[in-house]
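Below: one structure, written as structure tokens.
Every number for a ligand or one of its atoms is a count from 1 in the order of the listing.
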Amino acid sequence: MTNASPIALNIASLRGQIAIIARQHSRDADSICLLAVSKTRSAGEVAEAVAAGCHHIGENYLQEALAKQAELRTWTETPEIHWHFIGPIQSNKTRDIAENFAWVHSVDRMKIARRLSEQRPDKLPPLNICLQVNISGETRKSGFRPEEVVDAAADISALPQLRLRGLMAIPAAEDDPARQRRSFAKLRALRDTLQKTCPALTLDTLSMGMSGDMAAAIAEGSTCLRIGTAIFGPRRR
Ligand SMILES: *Cc1c(COP(=O)(O)O)cnc(C)c1O
């Protein structure tokens with residue numbers, strides 16, 4: 001490991017922690033995707049994470065993401081990357097998102113879902129999406145209200161170029177692990193209700209947990225941890 005980069009060491013350490021926490025909760029660590037969130041990081045840093053085995057990369061800002069994708073495409077050595085869009089979506093940005101990502105976690109209104117389906121190129125597989133849920137009921141946070149989710153999912157399941165995979169949330173920041181778990185438990189219960197109501201859907205994804213609340217999210221069933229700081233270090237802006 002003497003030549004390993006700090007990013008590779010962080011990823012190795014995170015995988016160890018995830019394995020331990022998963023075992024404590026009788027879960028299979030392989031069912032948990034480590035999504036490296038690379039907002040504000042360079043294409044070179046993304047390439048380091050990919051080389052360390054993180055093939056799922058999350059981006060928040062479209063222009064920044066497109067620039068990194070273009071740069072990485074010119075590097076012939078870079079292995080396949082699955083790009084996830086996880087940031088706020090303006091409706092004039094949906095075409096570029098539909099064309100350049102495999103996943104969108106932050107679908108927060110029907111208009112965005114309809115546009116993403118219409119604009120997803122036919123030659124690509126359906127776009128995997130999660131509905132973002134405002135799980136802590138914050139007035140200024142985007143996302144469907146929990147009581148809107150069942151109707152939204154039914155409407156979205158009729159859109160041909162989208163594949164609804166589950167739910168995503170960014171709960172209100174909270175230091176107390178017990179409180180962190182309560183928010184994640186709510187999202188999990190909502191997913192379970194939705195799955196019962198819509199048995200034809202395969203809702204295998206709970207996108208929840210970041211650097212500061214990863215353990216609580218794993219305890220409550222997260223299948224996708226969105227991790228920035230713990231992989232790349234403190235953000236520079
Ligand atoms: C930045 C960001 C993350 C990662 O946060 P860290 O605390 O740096 O791990 C996860 N999810 C979303 C939606 C983000 O914007």
Using a strict cut-off of less than 4.0 Å between a Lys/Arg side-chain nitrogen and an Asp/Glu carboxylate oxygen, indicate whether Glu147 and Arg145 qualify as a salt bridge. yes

Using the side-chain hydrogen bond (donor to acceptor under 3.5 Å, both in side chains) rule, take Gln132 and Ser106 through it: C-alpha gap first, then chi angles, then the decisive distance, then the call. CA-CA 5 Å; Gln132 183 171 348; Ser106 43; 4.8 Å; no

One residue to check: Ile86. Relative to ligand 1, which of side chain, backbone, both or neither has a non-hydrogen atom less than 4.0 Å away? both

Taking heavy atoms and a distance under 4.0 Å, where does His105 meet ligand 1: side chain, backbone, both or neither? neither

For [atom], closest protein heavy-atom neighbour:
{"atom": "atom 1 (C) of ligand 1", "result": "Lys39 NZ, 1.3 Å"}
{"atom": "atom 8 (O) of ligand 1", "result": "Thr229 OG1, 2.6 Å"}
{"atom": "atom 10 (C) of ligand 1", "result": "Met210 SD, 3.1 Å"}
{"atom": "atom 11 (N) of ligand 1", "result": "Arg226 NE, 2.9 Å"}
{"atom": "atom 9 (O) of ligand 1", "result": "Ser211 OG, 2.5 Å"}

Can an N or O of Met168 be found at a distance shorter than 3.5 Å from an N or O of ligand 1? no

Sub-4.0 Å atoms of ligand 1 with respect to non-hydrogen atoms of [X]:
{"X": "Asn60", "result": "14 (C), 15 (O)"}
{"X": "Ile170", "result": "13 (C)"}
{"X": "Ile227", "result": "9 (O)"}
{"X": "Gly228", "result": "4 (C), 6 (P), 8 (O), 9 (O)"}

Does either side chain, that of Thr202 or that of Arg165, offer a donor lying less than 3.5 Å from an acceptor on the other one? no

For the residue pair Thr94 and Gln119, confirm or rule out a side-chain donor-acceptor distance under 3.5 Å. yes

Take atom CG in Asn92; do more than 12 heavy atoms of anything else shown fall under 6.0 Å from it? yes

When you measure from the side chain of Asp213 to the backbone N and O of Met210, does any donor-acceptor pair fall under 3.5 Å? yes

Of the options Arg41, Arg226, Lys68, which is the one that meets Glu59 in a salt bridge (Lys or Arg N to Asp or Glu O under 4.0 Å)? Lys68

Please walk me through it: do His56 and His82 pass ring-ring contact (aromatic ring centres under 6.0 Å, His included)? CA-CA 5 Å; His56 291 265; His82 306 280; 4.6 Å; yes

